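Notes to accompany the following structure.
Only a predicted model underlies this, so the values are computations on that prediction, with no experimental measurement involved. Naming convention: chains lettered A, B, ... in sequence-line order (proteins, then strands); numbering from 1 in each chain. Just so you know, these numbers use all the heavy atoms, side chains as well, and skip hydrogens, waters and symmetry mates.
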Amino acid sequence: MPSALTPDAITPNWLSRCATEVAPDLLGCVLVRQLPDGQILRGVIVETEAYTPGDPACHAYRRRTARNAVMFGPAGWAYVYLIYGMYHCFNVVTDLDGVPSAVLVRALELEALPPWLDSRLDPKRDKLHRVAAGPGKLCRALQIDLSLTMTPLAPGQGLWLERRSPKFQTQLDSGALTFVQTTRIGLTQGADRPWRWYVAESNSVSKR
DNA sequence: TGAAGGATTTGT
DNA sequence: CAAATCCTTCAC
């Protein structure tokens, strides 16, 4: 049943690689959210950051805690945390079981404005391509919160990933789309590591 | 048990 | 550039 509905769903095995490898590979892939009421929201990933063991910026750098425990487990699970008391950030756990690492999904290009959001946004200021441009904003747009952390990314869980569309891959192969690799944003430690990737041509990236 | 601070966002 | 706002972590 799940495979018939989601033929392009990404498997844990594909994510069981170093976060610095998975992060650029996730660009162009689709984050899909199914709300409790059945409504489905989709967005193309256009910006990611990698966090690895031995990385002072990684939440699992010091030791295993209740919050970061999921990062120590197998790939393909969601790691969601609350930042500054008001925004959530969504990560995909990567690498082998026992290797604490993850990819922060920082921005999505939404296919359509979430209907539930539509009524409360100012159409002049909240343009579609900016609604999920930023890790906190994308979680707000897809209604991702702490209830989703430590859950496997799968259709049955209401949150999952799908592979790049043939169109995206073609544009990438032809050079119509290009990736930029640069340093990560907002860090006080490990800010020098060039582990942020984004789609240069996208207007949904959080910052240039 | 408490205090400090954060992988953000927004408005001044 | 500072505020909003609360969970997590670490120190006492």
Its 5'-most and 3'-most nucleotides having an atom under 4.0 Å from a non-hydrogen atom of chain A, DNA chain C is contacted over C:dA4 to C:dC10

Show the atom names and distances, to 0.1 Å, of all donor-acceptor pairs under 3.5 Å that link a side chain in residues 87-99 of chain A to residues at least two apart or in another chain.
unit_1, atom_1, unit_2, atom_2, d
A:Asn91, ND2, A:Tyr79, O, 3.1
A:Thr94, OG1, A:Ser101, OG, 2.8

So, with a heavy-atom separation below 4.0 Å from DNA chain C, the residues of residues 65-75 of chain A are A:Thr65, A:Arg67

For B:dT9, does OP1 or OP2 lie under 4.0 Å from any side-chain N or O of A:Arg140?
-> no

Annotated structure of DNA chain B as dot-bracket, pair cut-off 3.5 Å, Watson-Crick or G-U only, | for inter-strand, is ||||||.||||.

Taken to the nearest whole Å, CZ/A:Arg62 to P/B:dG5 is 13 Å

So ring pair (Phe, Tyr, Trp, His ring centres under 6.0 Å) across residues 164-208 of chain A, not counting sequence neighbours, yields none

Apart from A:Leu187 itself, members of its ILVMFWY cluster (side-chain separation under 4.5 Å) are A:Tyr51, A:Leu104

Sorted by number, residues from residues 190-200 of chain A placing a heavy atom under 4.0 Å from DNA chain B are none

Those residues at least two apart in sequence (or on a different chain) that pass side-chain hydrogen bond (donor to acceptor under 3.5 Å, both in side chains) with A:Arg164 are A:Gln169

Rounded to whole Å, the NE2-P distance (A:His59 to B:dG5) equals 15 Å

Within residues 44-58 of chain A, those residues having any heavy atom closer than 4.0 Å to DNA chain B are A:Tyr51, A:Ala57

Within residues 79-100 of chain A, the residues having a heavy atom closer than 4.0 Å to DNA chain B are A:Tyr81, A:Ile83, A:Tyr84, A:Gly85, A:Tyr87, A:Cys89, A:Asn91

Taken in chain and number order and not counting sequence neighbours, the residues that satisfy side-chain hydrogen bond (donor to acceptor under 3.5 Å, both in side chains) with A:Ser206 are A:Glu47, A:Arg106

Students should find that the hydrophobic cluster of A:Phe72, defined by side-chain heavy atoms under 4.5 Å apart, otherwise consists of none

